[in-house]
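Everything below concerns the one structure shown next.
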Amino acid sequence: MTQGYTIAVIRGDGIGPEVVREGEKVLDVVSELENFELHWTEYPHGADHYLETGELLGEDTLKELKRSDAIYFGCIGDPRIEPGILEQGILLTLRFYFDQYVNLRPVKLLEGVRTPLAGKRPEDIDMSVVRENTEDFYVGIGGRVKGKGRGRTKERLELKRNLYQITFNLDIETDADELAYQIGVVTRQGCERVMRFAFELARARGKKRVTSVDKANVLTHGYGFWREVFTRVAKGYPGIEPEFNFVDAICMWLVKNPEWYQVIVTPNMFGDIITDLGAMIQGGLGLAPGANINPDGVSMFEPIHGSAPKYAGKGVSNPIATIWAGALLLETIGEMDASKRVLHAIEAVLREGKVRTYDLGGTSKTSEVGDAIVNQIRLQG
Ligand code: IPM
Ligand code: MN
């Protein structure tokens with residue numbers, strides 16, 4: 001009997017639908033050639049659905065999604081909606097509900113793509129970023145406290161003014177001593193499981209080093225703890241060298257010596273930041289995929305770019321990040337050969353250089369890139 005998988009699709013906002021369509025096209029072809037079936041179930045969630053119904057992502061939908069083998073996700077974000085609502089109500093809800101504690105983001109320069117780092121070649125830029133995906137500043141603990149009184153407000157601002165020699169108009173009618181705080185949380189279990197994943201990944205791929213990112217020199221409580229757990233987890237992997245980098249330093253070294261890095265494990269927020277940097281050194285956001293993985297549950301695959309409302313509906317966006325995310329999906333459900341075929345086809349299309357979207361200096365349409373990748377898959381036979 002042919003193996004079948006149920007894949008939930010949330011195309012989302014902006015360019016989401018058009019890039020995911022190409023991903024589905026590629027995955028359909030490769031599944032047919034590799035003799036397994038993909039049953040797509042579509043979900044309308046995103047900005048339009050929210051504006052029409054007021055629903056972000058309800059418990060019933062989450063329960064239904066739980067029955068799928070994987071989730072294929074486009075992107076969310078819409079200028080009509082205040083930032084944070086869709087992000088928290090849909091994307092982060094999915095990551096947290098399914099406890100997708102690993103955010104795996106390959107940073108790999110493919111042949112035929114130009115990196116802004118002069119002289120770096122595909123063999124120099126090839127690493128995996130393992131971003132912790134359920135904790136840190138993303139837990140959403142925080143609040144705002146209103147200012148307490150005009151007198152105190154004024155005093156404090158005067159003092160600051162003297163200190164910094166700044167002159168400005170002091171409007172004591174405002175709540176100048178109102179404050180906002182946001183708390184990051186890391187747990188032992190949360191750190192351990194993502195760190196083990198990073199070491200296991202290194203071992204499986206024959207890598208020799210895992211770099212941990214933190215800011216333990218300033219945020220000593222949280223990231224000092226992260227560092228302590230990392231040191232302990234590393235002891236279980238004697239053949240792999242553990243290394244620490246501060247987050248500011250790694251931003252510098254990733255640009256200067258990307259070839260140094262093999263597997264990077266990082267707290268959630270630093271991971272968010274350094275994978276955008278990673279996307280650029282691999283040639284741009286149009287190429288960068290991400291996998292939200294729960295090794296024992298439902299995982300979700302997405303391009304790491306946003307919904308790019310400016311380009312929505314134009315059919316010009318690069319679908320490669322989404323198609324590559326589809327290859328990661330196939331790898332995670334155990335269809336290794338199909339996954340490799342998709343990646344090889346992406347590589348072949350980029351190497352050839354004839355069909356490419358505007359972000360890579362070409363004029364091709366989104367669907368032409370999808371078609372070219374499909375043709376390559378068929379050619380590989
Ligand atoms: C990402 C995105 C998300 C994040 C946003 C949209 C919530 O930037 O996947 O990197 O911060 O994780
Ligand atoms: Mn991000």
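Numbering of ligands and ligand atoms starts at 1, following listing order.
- Residue R131 places a heavy atom less than 4.0 Å from ligand 1.
- D272 contributes atom OD1 as its closest N/O/S atom to the Mn ion (ligand 2).
- A salt bridge links E200 with R203: the distance from a Lys NZ or Arg NE/NH1/NH2 to an Asp or Glu carboxylate oxygen falls below 4.0 Å.
- Of all the listed residues (I76, L91, N268), L91 holds the heavy atom that lies closest to atom 5 (C) of ligand 1.
- The ligand atoms of ligand 1 that sit less than 4.0 angstrom from a heavy atom of R95 are 1 (C), 4 (C), 9 (O), 12 (O).
- Among R105, E87, Q88, the residue whose heavy atom lies nearest to atom 1 (C) of ligand 1 is R105.
- Using 4.0 Å as the threshold, M269 has no heavy atom nearer than that to any atom of ligand 1.
- The nearest protein atom to atom 11 (O) of ligand 1, hydrogens excluded, is given as Y138 OH, 2.6 Å; this is a heavy-atom distance.
- Within the 4.0 Å heavy-atom shell around ligand 1 one does not find I304.
- Closest protein heavy atom to atom 8 (O) of ligand 1: D272 OD1, 3.3 Å.
- For the pair E241 and K208, the salt-bridge criterion is not met [side-chain N within less than 4.0 Å of a carboxylate O].
- Around the NZ atom of K314, the shell of radius 6.0 Å holds more than 12 heavy atoms that belong to other residues, nucleotides or ligands.
- With salt bridges taken as basic N to acidic carboxylate O contacts below 4.0 Å, one links K120 and E259.
- Between the OH atom in Y223 and the CG atom in L219 there is a gap of 6.0 Å [rounded to 0.5 Å].
- Checked by atom type and distance alone, the side chain of T366 pairs as donor or acceptor with a backbone atom of G315 at under 3.5 Å.
- Of the charged side-chain nitrogens involved, none lies within less than 4.0 Å of a carboxylate oxygen, so that K63 and D60 do not count as a salt-bridged pair.
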